[in-house]
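These notes are about the structure you will find just below.
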Amino acid sequence: MTDRYAVVGNPVAHSRSPWIHAAFARQSGQDLSYGLQQAEIGQFAAHVDGLRQQGYRGLNVTVPFKLDAIAYARERGDQISARARMAGAANTLKFEDGRVWADNTDGIGLVQDITRRMGVSLRERRVTILGAGGATRGVVLPLIEAGVASLVIANRTLDKARGLAESFAGTGQVPVTARALSQVWLADCDVLINATSSGLSADGADLLARLPQQPSGPDAARPVLAYDMVYGAQPTAFMAWARGQGIGQVCDGLGMLVEQAAEAFQWWRGLRPDADAVFRDLRAQLQAAAPAS
Ligand code: ATR
């Protein structure tokens, strides 16, 4: 019998997960289907109960249900991974032997994309993350586990960054500190990650305007990588800015999307898909769909 999976969200029609998982399944000869499930707000648990009754084996969970997904596993007294617990959110559920398993593969997806595809080691790196929302919370523990030297969380609302930094204080031996956006200096970090939602709207420039003027010149130190967690057909405002600042490697979050899916697929199916091939196809699709500039 074909094993059934889906992504649950609201809205969900735009999700690329069905395409990605269908490609993984084709590659590896796995007999599975992967669909789109739009749940009503406030109805996540009932919706998931229904899918489990239909025999679904696992789900990806996207906006706005990642908190509901962890609550779903918690209320049933089932298994929640440490990274999902620290993220306060789950993006992947697995149903096995009548039990629910919750995980969060976003952070490990980011780490895999940076270290494998971009070829940038995170070990002993000073990392600065812009933003202190759910996207940041989801990646802090995997970054710490990747061996970073320090983590700075910089946010428009400083108190939010402070609260988040405190909740990770004492995790490993890695210092996690908070900072205002006006105190983000490129010379102070090796890897700069944009986890704000500002790149999603036309006001990406608003985030950049909050950063200070950086010292320039041939001796000015720069991060080795600037990573935007959002992606699109065109480079984001953050990416264009980072290039303008002379940062050598700059990329968007398309690879993170593929890698978090690959982690979920491996967890469900016990097989590692070829994420690079799927990444290349997806990038080509995005570019083909882009309006000529
Ligand atoms: P997500 O789950 O995507 O992280 P979120 O929890 O709403 O979404 O968090 C959005 C993040 O983007 C926050 O850190 C937010 O800053 P504030 O905490 O100050 O609101 C940040 N953000 C959104 N728009 C921004 C902008 N124009 N400039 C700077 N930061 C912005």
Side-chain angles (χ1 to χ4, degrees), residues 7-12 14-17 41 44 60-71 83-92 102-111 113 127-143 151-168 176-186 189 191-214 226-232 235-242 245 252-257 259-260:
V7 54
V8 185
N10 188 337
V12 77
H14 65 284
S15 172
R16 293 179 191 274
S17 292
I41 306 297
F44 178 80
N60 283 131
V61 181
T62 188
V63 180
F65 296 125
K66 290 185 183 185
L67 274 68
D68 300 79
I70 203 159
R83 59 196 187 195
R85 202 173 335 107
M86 289 304 282
N91 76 336
T92 311
D103 195 6
N104 190 320
T105 63
D106 285 332
I108 190 68
L110 172 70
V111 166
D113 197 43
V127 177
T128 295
I129 308 184
L130 310 180
T136 298
R137 180 179 285 278
V139 301
V140 171
L141 185 61
L143 286 170
L151 212 53
V152 170
I153 300 173
N155 198 41
R156 177 173 61 182
T157 311
L158 181 56
D159 275 353
K160 248 169 89 179
R162 285 201 178 114
L164 195 53
E166 272 164 27
S167 68
F168 284 96
V176 183
T177 53
R179 199 172 283 187
L181 290 175
S182 60
Q183 297 301 312
V184 171
W185 301 107
L186 295 180
C189 65
V191 175
L192 178 67
I193 299 169
N194 179 26
T196 71
S197 49
S198 71
L200 292 171
S201 53
D203 73 348
D206 185 56
L207 163 73
L208 301 171
R210 293 171 192 276
L211 301 177
Q213 183 78 33
Q214 305 290 328
Y227 193 106
D228 200 340
M229 281 172 53
V230 299
Y231 67 87
T236 64
F238 171 78
M239 290 168 68
W241 170 84
Q245 294 291 329
D252 70 4
L254 188 67
M256 174 178 173
L257 173 77
E259 291 289 351
Q260 63 77 29

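Whatever order the structure lists them in is the order used to number ligands and atoms, beginning at 1. For this chain, numbers begin at 1 and follow the sequence in order.
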Legend entry - Thr196 contact mode with ligand 1 (heavy-atom cut-off under 4.0 Å): both
Inset, instruction - Any atoms of ligand 1 less than 4.0 Å from a non-hydrogen atom of Leu207? List them with their elements. - result: 28 (N), 29 (C)
Inset, instruction - With sequence neighbours excluded, tell me which residues meet side chain to side chain donor-acceptor pair (under 3.5 Å) with Arg16. - result: none
Inset, instruction - Nearest heavy atom to atom 26 (C) of ligand 1 wins, so pick from Arg137, Lys160, Met229, Arg156. - result: Arg156
Legend entry - Best match, Gly133, Ala154, Ala205: closest heavy atom to atom 9 (O) of ligand 1: Gly133
Inset, instruction - Taking the side chain as every heavy atom from C-beta outward, state whether Met256 and Val139 have any atom pair closer than 4.5 Å. - result: yes
Inset, instruction - Would you mind listing which atoms of ligand 1 come within a distance below 4.0 Å of any non-hydrogen atom of Gly134? - result: 1 (P), 2 (O), 4 (O), 6 (O)
Legend entry - Close side-chain approach of Trp185 and Val152, heavy atoms under 4.5 Å: no
Inset, instruction - For ligand 1, find out whether one of its N or O atoms is nearer than 3.5 Å to an N or O atom of Gly131. - result: no
Legend entry - Check: Ala135 N/O within less than 3.5 Å of ligand 1 N/O: yes
Legend entry - Side-chain heavy-atom pair Thr62, Asn91 within 4.5 angstrom cut-off: no
Legend entry - Partner of Asn194 by side chain to side chain contact (heavy atoms under 4.5 Å, CB included), out of Leu130, Ile129, Leu208: Leu130
Legend entry - N or O pair under 3.5 Å between Asp206 and ligand 1: yes
Inset, instruction - Report yes if some heavy atom in the side chain of Tyr231 is under 4.5 Å from a heavy atom in the side chain of Thr236; otherwise report no. - result: no
